[in-house]
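Okay, so here's the structure we're looking at.
Values below: every heavy atom of this structure, side chains too, minus hydrogens, waters and symmetry copies. Numbers here simply count residues along the sequence, with the first being 1.
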Amino acid sequence: LSTDKTVKVLNILEKNIQDGSKLSTLLNHNNDTEDEERLWRDLIMERVTKSADACLTAINIMTSPNMPKAVYIEDVIERVIQYTKFHLQNTLYPQYDPVYRVDPHGGGVLSSKAKRAKCSTHKQRVIVMLYNKVCDIVSSLSELLEIQLLTDTTILQISSMGITPFFVENVSELQLCAIKLVTAVSNF
């Protein structure tokens, strides 16, 4: 592809990333039936998954060998980081570590040990798939740091995204990817 076409593809991917970058997958509509809530969750997870695929595609394009400088579009990189941070904090951390869950009923405050003791280890297949994609995104961001200079604000966001997984339980694969990311930031 020519550089112009590659840039156009990345701009289209950015719009797809933006579509799912602020969607919360933790729905709890009190007045909806169980079927309606499941349908809403399926629709939202489809959009979130599509955005994760767009993130991976954009990062894979940027980390490909011999890419021209025009391909490293700052807005696309920032959108990928925004998407990843949002879904780590609002989707994955609450699913994998009960300490990050918010009680929708406003129940009493439990200690982190009590929350973890009550946690079930069963995860939905789409959540596990999203977790794996986010791990790939985090790992690919570390490759991008080795290729392209980024702005200070972007580096700050990446470094906070790389440090946070070490305070979350049950995300060992993400922690391994985060080690790679933090190492790339420190070499920056």
Side-chain angles (χ1 to χ4, degrees), residues 3 6-26 45 47-97 99-101 126-188:
T3 302
T6 306
V7 168
K8 285 180 184 177
V9 167
L10 286 169
N11 286 324
I12 292 169
L13 289 170
E14 180 191 2
K15 299 301 180 200
N16 283 295
I17 295 166
Q18 186 176 7
D19 181 48
S21 66
K22 294 287 185 185
L23 290 175
S24 176
T25 60
L26 304 174
M45 283 308 297
R47 288 174 61 191
V48 167
T49 302
K50 176 189 68 157
S51 294
D53 290 336
C55 286
L56 279 171
T57 304
I59 291 291
N60 285 331
I61 289 171
M62 288 185 216
T63 57
S64 295
N66 304 320
M67 280 291 141
K69 291 287 183 191
V71 168
Y72 303 109
I73 303 169
E74 190 174 329
D75 289 343
V76 176
I77 296 168
E78 287 179 7
R79 190 75 66 198
V80 168
I81 294 166
Q82 176 188 22
Y83 171 89
T84 306
K85 282 182 75 170
F86 181 85
H87 285 290
L88 281 172
Q89 293 169 351
N90 296 296
T91 304
L92 297 175
Y93 293 160
Q95 286 290 324
Y96 282 84
D97 191 346
V99 172
Y100 288 85
R101 290 186 189 149
V126 289
I127 295 295
V128 173
M129 187 174 54
L130 180 64
Y131 174 76
N132 291 329
K133 288 179 184 198
V134 168
C135 287
D136 290 342
I137 292 168
V138 171
S139 183
S140 296
L141 281 172
S142 63
E143 293 175 30
L144 182 64
L145 280 174
E146 296 170 6
I147 297 170
Q148 177 65 19
L149 291 173
L150 301 175
T151 63
D152 290 345
T153 55
T154 305
I155 293 296
L156 285 172
Q157 289 199 11
I158 287 175
S159 58
S160 73
M161 182 175 48
I163 292 171
T164 308
F166 298 109
F167 301 102
V168 182
E169 300 266 330
N170 304 319
V171 290
S172 56
E173 296 89 358
L174 181 61
Q175 290 170 343
L176 289 173
C177 296
I179 286 173
K180 188 177 174 186
L181 184 62
V182 170
T183 303
V185 168
S186 67
N187 292 336
F188 193 71

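- Within the 3.5 Å criterion, the main-chain N or O of Val128 finds a donor-acceptor partner in the side chain of Asn132.
- Residue pairs that meet the salt bridge (Lys or Arg N to Asp or Glu O under 4.0 Å) test with at least one member in residues 173-188, sequence neighbours left out, are Glu143-Lys180.
- Contact detail for Tyr83 and Ala52: the closest heavy-atom pair is OH-CB, 3.2 Å.
- If you take OG on Ser51 and CZ on Arg79, they are separated by 10.5 Å, rounding to the nearest 0.5 Å.
- Judged by distance alone, the side chain of Ser139 and the main-chain N or O of Cys135 form no donor-acceptor pair under 3.5 Å.
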Test log, rule side chain to side chain contact (heavy atoms under 4.5 Å, CB included), inputs Ile127 and Tyr96 = CA-CA 10 Å; Ile127 295 295; Tyr96 282 84; 4.0 Å; yes
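- Taking CZ from Phe86 and CG from Leu23, the interatomic distance works out to 7.5 Å, rounded to the nearest 0.5 Å.
- Here the closest non-hydrogen pair linking Leu144 and Thr63 is N-CG2, 3.8 Å.
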Step-by-step side chain to side chain contact (heavy atoms under 4.5 Å, CB included) determination, Leu181 to Leu145 | CA-CA 8 Å; Leu181 184 62; Leu145 280 174; 3.9 Å; yes
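- A distance of 7.5 Å separates CD1 in Ile137 from CD1 in Ile59, rounded to the nearest 0.5 Å.
- Considering all non-hydrogen atoms of both residues, Leu13 and Ala54 come closest at O-CB, 3.8 Å.
- Minimum heavy-atom separation, Val171 to Val168: CG2-O, 3.6 Å.
- Distance check: Glu14 CD to Leu10 CG gives 9.0 Å after rounding to the nearest 0.5 Å.
- A pairwise comparison of heavy atoms in Ile17 and Ala58 identifies CD1-CB, 4.5 Å as the closest pair.
- Under the 4.5 Å side-chain criterion, counting only non-hydrogen atoms from C-beta, Met45 is in contact with Leu130.
- Interatomic distance, Leu88 CG to Thr164 OG1, rounded to the nearest 0.5 Å: 8.0 Å.
- With a 6.0 Å radius and a threshold of 12 heavy atoms from other residues, nucleotides or ligands, Asp152 has its CG atom at or below the threshold.
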Going through the distances and angles, do Gln157 and Gln82 end up as a side chain to side chain contact (heavy atoms under 4.5 Å, CB included)?
-> CA-CA 9 Å; Gln157 289 199 11; Gln82 176 188 22; 5.5 Å; no
Please tabulate, for the side chains in residues 64-72, all donor-acceptor contacts under 3.5 angstrom to protein atoms that are two or more places apart in sequence or on a different chain.
{"from": "Ser64", "atom 1": "OG", "to": "Asn60", "atom 2": "O", "distance (Å)": "2.7"}
{"from": "Ser64", "atom 1": "OG", "to": "Ile61", "atom 2": "O", "distance (Å)": "3.4"}
{"from": "Tyr72", "atom 1": "OH", "to": "Met62", "atom 2": "O", "distance (Å)": "3.3"}

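- Here salt bridge (Lys or Arg N to Asp or Glu O under 4.0 Å) pairs that include residues 127-136, with residues two or more places apart or in two chains, are Asp53-Lys133.
- Side chain to side chain, Ser160 and Lys85 meet the donor-acceptor criterion of an N or O pair below 3.5 Å.
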Test log, rule side chain to side chain contact (heavy atoms under 4.5 Å, CB included), inputs Met161 and Ile81 = CA-CA 8 Å; Met161 182 175 48; Ile81 294 166; 4.3 Å; yes
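- Summarising the geometry, atom CD belonging to Gln148 is positioned 11.0 Å from atom CD1 belonging to Ile73; distances are rounded to the nearest 0.5 Å.
- A 6.0 Å sphere centred on NZ of Lys50 holds more than 12 heavy atoms belonging to other residues, nucleotides or ligands.
- Of all heavy-atom pairs between Tyr93 and Pro165, the closest is OH-CG, 3.4 Å.
- Asn90 contributes no side-chain N or O that, together with a main-chain N or O of Ser24, makes up a donor-acceptor pair within less than 3.5 Å.
- Panel note: side chain Asn170, backbone Asp97; no donor-acceptor pair is recorded below 3.5 Å.
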